[in-house]
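First comes the structure, then the notes that go with it.
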Amino acid sequence: MELAEWLIAPYEYTFMRRALASLLIVSLVGSVVGTFVVHKGLAASGSGLAHATLGGVAIAFVNGASVALGALVAAVATALGIGYARRTSRVSYDTAIAIFFVSAFSLGILVISRRQTYTPDLISFVFGDILGVSQADLVGELILAVVVVGFVLAFYRELVMVAYDPAMASAVGVRTAFFEFSLLVLIAVAVVVALQAIGIVLVTATLIIPPATASLLSRRISRIMAVSFLIGAASSLVGLYASFHAGVAASPAVVLTATAVFAVVLLATSLRRTRLPAAAAAE
Amino acid sequence: MASDREHADTRRRLALEVSGLWAGYPGKPPALEDVSFAVPEGEMVGLVGPNGAGKSTLFKSILGIIRPLLGEVRVFGNPVSETRADVAYTPQVEEVDWEFPVSVHDVVLMGRWRGSRPFRRWSREDRDAAEGAIERVGLAELANRQVGELSGGQRRRVLIARSIARGARLLLLDEPFAGLDAAVEYDLLAILDELTDEGCSILIATHDISCVASACHGACCLNRRVQGYGPPADVLTEDVLSRTFERALVPVGADREFIVAEGEGTPGRPEGG
């Protein structure tokens, strides 16, 4: 098989084109939001919000409502709950996250357990089903992506100020609480965007691995976001080829490709770093 | 360098005037009771007190973040709600996330923030002001560094540059000298001195009593209430400081210029004994 043919073959199928489009949207949103997640240590929140969606997904599913909408409502509600718990100090932050997410996840399992039949649609939310992304899913993802990226662009200065120095930000009049809650809601929405394609279990990867890799290469937020998107997009392509040609599940293939990139960059940058003092001494 | 100015000159404009201020948080006893003092324009006043004395409540009141229960705060004669652009706040260095991927220039630009308007970007004027402020504090060569790469003294200077870039006439500094060695502290004080010479007014919360004694024009000792306020030489006495810190403090040194807590770190009696 010729290389060109090997490269083009997957995208002769509509479901593969949709899968790629979906993963590009996921990479974009994951990079923009994930840069804050990585640098504010919010990985646990991302993972918690992802698991919490199962409650909403299950309830929407048994009631014949939109599953994506159910996920969105559950994620945003949990984000607000986490944000509230964070502001009141009676329970520690990660304890609050854990309580919220295991409860919502349990609710999901409880609701599903009442159904006697096998529920493949729900399973696809847990493990992701990139190849099953529909036209409607794609439109929904796109709308949410525009909202997330639009919000970050609109309030970039404020989000950065609150992340860097909340005390000064509130002193000059930035609505610190609003932007802290906003960030959690952005994470919730980013999780929902990636849910259909990547699945509850792996969704945090899209928020963590590409931005963490990019952070090894740059120390400016805007550049981290851009590099992260490129890494996410490249991992998506490689993962989809692996899935198509080697017949493996796509979402773990994408995640593991990103992990491999992270490992290589980590190794390369630590080699460079250990060499630095020697270079400085030679000067 | 401080006491040669006429502190009692009441004709001098007041940058900050706190009168009869009671402030605190709902459901708790007031953190500040009947606090009155002032910072005259172009002067540096040291705010001295133990942890939990109400210093941060006072700062929040001056910044308009919390509202007084009683009394009032005026900045250049105006209520605080109208004076946000005139006040710049420098938090304690620990309150800032130094690992966050922003450069020195990015941080100093934050001082220029004047209100949320979606999609707003920094203007040419903002960038020029930031560059000028960075130069003022001697960090021009580090302007593009990520802030986490800076030393402790440089980090303080970034935060002060941010306040300068704001163009504020009243600077509030929370513990700017904590953890600095004497030489770095001296450099920082030189910058603050220059600022007061240019007409800036500074309120500085610090545990460093000797710095207040030597560098500030005025001192305010706070522990819920004002325990003493006036020229440092009059205020920083054994009596006032003991009341402020609620423990016996002993002046030591040839001119009794240093003050230590009795039984703790006293020369010849190591701690832990």
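Chain identifiers are assigned alphabetically (A, B, ...) following the order of the sequence lines, protein sequences preceding nucleic acid strands; residue numbering begins at 1 within each chain.
For a residue to count as touching a neighbouring chain, one of its non-hydrogen atoms must lie under 4.5 Å from one of that chain's; by this rule B/Leu159 touches chain A with the side chain only. Both the backbone and the side chain of A/Val174 have a heavy atom closer than 4.5 Å to some heavy atom of chain B. Using a 4.5 Å cut-off between heavy atoms, B/Glu149 touches chain A through its side chain atoms alone. Contact of B/Gln146 with chain A is made through the side chain alone, with heavy-atom distances under 4.5 Å. Of the two parts of A/Phe36, only the side chain, counted from C-beta on, holds a non-hydrogen atom closer than 4.5 Å to a non-hydrogen atom of chain B. Heavy-atom distances place no part of B/Arg114 under 4.5 Å from chain A, backbone and side chain included. Heavy atoms of A/Phe179 lying under 4.5 Å from chain B belong exclusively to its side chain. For B/Asp106, the part lying near chain A is the side chain, with the backbone staying farther off; criterion is any non-hydrogen pair under 4.5 Å.
Minimum heavy-atom separation, B/Glu95 to A/Ala167: OE1-CB, 3.1 Å. Residue B/Trp113 comes nearest to A/Val172 through the heavy atom pair CZ3-O, 3.3 Å, listed as atom of the first residue, atom of the second, then distance. Heavy atoms only, all atoms of each residue included: B/Arg121 and A/Tyr156 are closest at NH1-CB, 4.4 Å. Residue A/Ala163 comes nearest to B/Asp97 through the heavy atom pair O-CB, 3.8 Å, listed as atom of the first residue, atom of the second, then distance. What you find for B/Gly115 and A/Arg157 is that their closest heavy atoms are O-NH2, 3.4 Å. Minimum heavy-atom separation, A/Asp165 to B/Pro91: OD2-CG, 3.3 Å.
Rounding to the nearest 0.5 angstrom, the gap separating the OH atom in A/Tyr164 from the CD atom in B/Glu99 is 11.0 Å. The CD atom of A/Glu158 lies 11.0 Å from the CZ atom of B/Arg117; values are rounded to the nearest 0.5 Å. Expressed to the nearest 0.5 Å, how far CE of A/Met168 lies from CG of B/Leu63 amounts to 10.5 Å. Here CG of B/Leu109 is found 10.0 Å from CE of A/Met161. Values are rounded to the nearest 0.5 Å.
With respect to chain B, the highest number of heavy-atom pairs below 4.5 Å among A/Gly173, A/Ser170, A/Ser218 belongs to A/Gly173. Top candidate by heavy-atom pairs under 4.5 Å with chain A, chosen from B/Lys60, B/Gln92, B/Met110, is B/Met110. For the set B/Val87, B/Ile65, B/Ile62, the count of heavy-atom pairs under 4.5 angstrom toward chain A peaks at B/Ile65.
Within a 6.0 Å radius of CZ in A/Arg175, other residues, nucleotides and ligands contribute 12 heavy atoms or fewer. Enclosure of atom CD in B/Glu141 is not indicated, since only 12 or fewer non-hydrogen atoms of other residues, nucleotides or ligands lie within 6.0 angstrom. The number of heavy atoms from other shown groups lying within 6.0 Å of OH (A/Tyr84) does not exceed 12.
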